[in-house]
Colleague: 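Just passing along the structure, written as structure tokens.
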Amino acid sequence: CRLPLQQMQETIVMLQRQTTQTEVQMQAQLTAPPAAARPSKKEDTRPMTHEEKMALSQAISQLPNEKLSRVVEIIKERMPALQNEDDQEIEIDINALNAPTLRHLQRYVKSCTSRKRKSAPA
């Protein structure tokens, strides 16, 4: 009598794990950016530390206007739900952005600042 009960408990635990994994996968699919916005290589989904977010925010604020428009495009492409009606002035809540978007912005800002250093006279 005890053996079937133990088997059923093990089966329940296994099904709960499978359900949790399926829920995580479904949530990831729901929050993923559209296929056109996804790069072909594996996306960097590591969460950003508070310090990294502050550094990114500071770096974005120092970008020239022509580079800021690309920052806005990246956010609009990757997180369309955050779009606002007023395109004249945009305030970005860095904590509202998901990890892949933050990492993409980080790479973009890094590419802008490395180009600036290369083109600066020595």
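As a basis for the values below, the full set of heavy atoms in this structure was taken, side chains included, without hydrogen atoms, waters or symmetry mates. Quantities reported herein were computed from a predicted structural model and do not represent experimental measurements.
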Colleague: For Ile75 and Leu105, what are the C-alpha separation, side-chain angles and deciding distance, and is it a side chain to side chain contact (heavy atoms under 4.5 Å, CB included)?
Modeller: CA-CA 8 Å; Ile75 294 169; Leu105 288 170; 4.0 Å; yes
Colleague: Of all the heavy-atom pairs spanning Pro47 and Ala99, show the shortest one and how long it is.
Modeller: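 Shortest heavy-atom separation between Pro47 and Ala99 comes out as CA-CB, 4.1 Å.
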Colleague: Using modelled atom types only, decide if a donor and an acceptor are shared between the side chain of Thr19 and the backbone of Leu15 within a distance under 3.5 Å.
Modeller: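 Checking the backbone N and O of Leu15 against the side chain of Thr19, a donor-acceptor pair under 3.5 Å is found.
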Colleague: Side chain of Arg103, backbone of Arg46: donor and acceptor closer than 3.5 Å?
Modeller: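 Present.
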Colleague: Calculate, to the nearest 0.5 Å, the distance between atoms NZ and CD1 belonging to Lys53 and Ile60 respectively.
Modeller: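 Reported value, rounded in 0.5 Å steps: 12.5 Å.
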Colleague: Is there a side chain to side chain contact (heavy atoms under 4.5 Å, CB included) between Arg107 and Asp44? Walk through the geometry before answering.
Modeller: CA-CA 10 Å; Arg107 285 190 306 276; Asp44 188 352; 4.0 Å; yes
Colleague: Can you tell me how far the CD1 atom of Ile12 sits from the CD atom of Gln7, to the nearest 0.5 Å?
Modeller: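 These two atoms lie 12.0 Å from each other.
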Colleague: For a quick test of reading the model, state the closest non-hydrogen atom pair linking Leu56 to Leu102 and the distance between them.
Modeller: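 Closest heavy-atom pair between Leu56 and Leu102: CD2-O, 3.7 Å.
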Colleague: Supply the atom-to-atom distance Leu68 CG to Gln62 CD, rounded to the nearest 0.5 angstrom.
Modeller: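 Interatomic distance, Leu68 CG to Gln62 CD, rounded to 0.5 Å: 11.0 Å.
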Colleague: Once rounded to the nearest 0.5 Å, what's the spacing between atom CE of Met48 and atom CG of Leu97?
Modeller: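 The CG atom of Leu97 is 9.5 Å from CE of Met48, to the nearest 0.5 Å.
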Colleague: Please check if the side chain of Ser114 supplies one atom and the backbone of Lys110 the other of a donor-acceptor pair under 3.5 Å.
Modeller: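 Yes.
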Colleague: Residues in side chain to side chain contact (heavy atoms under 4.5 Å, CB included) with Arg70, at least two apart?
Modeller: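 Per chain and number, Arg70 pairs via side chain to side chain contact (heavy atoms under 4.5 Å, CB included) with Glu73, Ile74, Glu77, His104, Tyr108.
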Colleague: Quick check for you: to the nearest 0.5 Å, what is the distance between Met14 atom CE and Gln16 atom CD?
Modeller: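 That separation rounds to 11.0 Å.
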